[in-house]
Amino acid sequence: MAGFFAMGGYGAFVWTGWGLTLVFVLLLWLHTETRLAKLQSQLQSQLQSQLQSQAENGKTDAKNLPEA
Amino acid sequence: MFDYLANPTRFMRLADYTVWPLRLIAAAGLLIGSWLGLASSPADYQQGDAVRLMYVHVPSAWLALSSYLMLGLASLFFIVWRHPLADIAARAIAPAGAGFAFLTLVTGALWGAPIWGTWWVWDGRLTSMLVLFFFFIGYLALANGFDRPERGARPAAILAMVGVLNLPIVKFSVDWWNTLHQPASILRSGGMAIDSAMLWPLFTMFAGLQAFFLLMVVQRMRLLLGQARLARLADQQEAS
């Protein structure tokens with residue numbers, strides 16, 4: 001096991017390179033998915049509130065509010 | 001084809017179908033590729049285990065180059081046909097592309113330090129790759145440097161198109177000049193000069209990172225389209 005991590009004496013270079021690559025992938029992936037999920041919930045609530053206010057103003061039938 | 005995809009609603013519908021397959025291919029490719037690259041593949045007879053850096057360095061370089069080509073093409077479509085979705089595609093490509101260009105430089109330095117005995121030399125391949133990274137940074141600065149994003153779209157697209165001229169320089173720099181960097185081993189005339197025991201981990205990592213890159217482009221395009229829609233809804237609500 002220690003030999004695996006030592007990588008024949010190149011461990012510091014190999015693990016730093018692989019670590020940076022995988023951390024970059026993981027952070028960009030999580031960041032993008034989190035922002036997208038947050039935006040979709042913002043969009044949904046914005047649409048709901050807009051349709052609600054339209055319904056209150058009599059522009060749309062409140063019973064037929066479409067899903068966001 | 002481009003007209004069909006240029007419609008944001010159609011794009012969003014198509015994107016819904018691509019997200020899960022891309023997530024699965026990316027996760028599987030990266031997991032299997034990491035195991036193959038770090039544990040299963042053999043050490044090189046000259047470089048020892050330092051060769052394992054190839055499995056992250058080479059796919060990063062391929063992705064940096066191919067993503068810049070995609071950025072240039074999207075910018076061309078935006079400038080010539082004024083497709084707004086082309087600008088959004090370019091904006092979605094640039095951050096991941098810049099990240100892969102940066103990773104290429106860093107993993108290359110980490111590989112060069114023990115094998116060449118230096119972190120950096122100003123040779124044709126390394127310098128042209130650094131220039132490619134600066135083109136990505138320049139594009140991002142121009143595209144995001146204005147209060148209204150549409151004002152930065154045109155200068156950023158022109159810069160992206162100019163940067164495409166650097167791609168053949170990166171690719172052929174190892175043939176045109178004497179460089180410390182080795183010549184091409186895979187995309188070269190005369191066939192591949194690499195053993196299949198190292199080729200499979202390389203292609204598996206590339207498949208995983210390519211799927212991840214495409215996933216990021218699709219998701220960021222959805223994000224940018226969603227942000228524009230949210231801004232329109234807020235404007236409508238203010239107006240009413």
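In what follows, chains carry the letters A, B, and so on, assigned in the order in which the sequence lines appear, proteins first and then strands, with residues in each chain numbered from 1.
Looking only at heavy-atom pairs under 4.5 Å with chain A, the residue among Ala234(B), Gly48(B), Ala39(B), Ser34(B) that has the most is Ser34(B).
For a heavy-atom cut-off of 4.5 Å, chain A lies close to Thr107(B), Leu110(B), Ala113(B), Pro114(B), Ile115(B), Trp119(B) in residues 107-121 of chain B.
Residue-environment remark: CH2 (Trp200(B)) stays at or below the threshold of 12 foreign heavy atoms within 6.0 Å. By the neighbour-count criterion of 12 heavy atoms within 6.0 Å, atom CZ of Phe102(B) is sparsely surrounded, having that number or fewer from other residues, nucleotides or ligands.
Neither the backbone nor the side chain of Ala43(B) comes within less than 4.5 Å of any heavy atom in chain A. Leu223(B) touches chain A through backbone and side chain together, each having a heavy atom under 4.5 Å away. For Met54(B), no part lies near chain A; criterion is any non-hydrogen pair under 4.5 Å. For Phe13(A), the parts sitting under 4.5 Å from any heavy atom of chain B are the backbone and the side chain alike.
Residues Met7(A) and Leu53(B) have side chains not in contact (no heavy-atom distance under 4.5 Å, counting atoms from C-beta outward). Looking only at side-chain heavy atoms (C-beta outward), Leu20(A) and Val56(B) stay at 4.5 Å or farther from each other. A heavy-atom distance below 4.5 Å is found between the side chains of Trp29(A) and Arg23(B).
Taking CD of Gln47(B) as the reference point, atom OH of Tyr10(A) lies at 8.0 Å (rounded to 0.5 Å). Remark: Ser45(A) OG to Leu230(B) CG distance equals 8.0 Å, nearest 0.5 Å. Atom-to-atom distance recorded for Trp15(A):CH2 and Leu38(B):CG is 4.5 Å, nearest 0.5 angstrom.
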Donor-acceptor contacts, no H, no angles, side chain residues 35-43 of chain A, under 3.5 Å, sequence neighbours left out:
| from | atom 1 | to | atom 2 | distance (Å) |
| --- | --- | --- | --- | --- |
| Ser41(A) | OG | Lys38(A) | O | 3.0 |

Table please: side-chain donor-acceptor pairs of residues 126-138 of chain B below 3.5 Å, with sequence neighbours left out.
| from | atom 1 | to | atom 2 | distance (Å) |
| --- | --- | --- | --- | --- |
| Thr127(B) | OG1 | Asp123(B) | O | 2.7 |
| Ser128(B) | OG | Gly124(B) | O | 2.7 |
| Ser128(B) | OG | Arg125(B) | O | 3.1 |

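Closest approach of Asp49(B) to Gly8(A), counting heavy atoms only: OD2-N, 3.4 Å.
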Exercise. Take Gln219(B) and Leu28(A) through the side-chain contact (heavy atoms from CB on, under 4.5 Å) test and state the conclusion after the steps.
Key: CA-CA 11 Å; Gln219(B) 295 292 66; Leu28(A) 188 63; over 6 Å; no
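At least one donor-acceptor pair under 3.5 Å links the side chain of Trp18(A) to the backbone N or O of Arg52(B).
The aromatic rings of Phe100(B) and Phe24(A) sit perpendicular to each other, their planes meeting at more than 60°, with 30° as the lower class boundary.
Residues satisfying the salt bridge (charged side-chain N to carboxylate O under 4.0 Å, His left out) test with Asp44(B), not counting sequence neighbours, are none.
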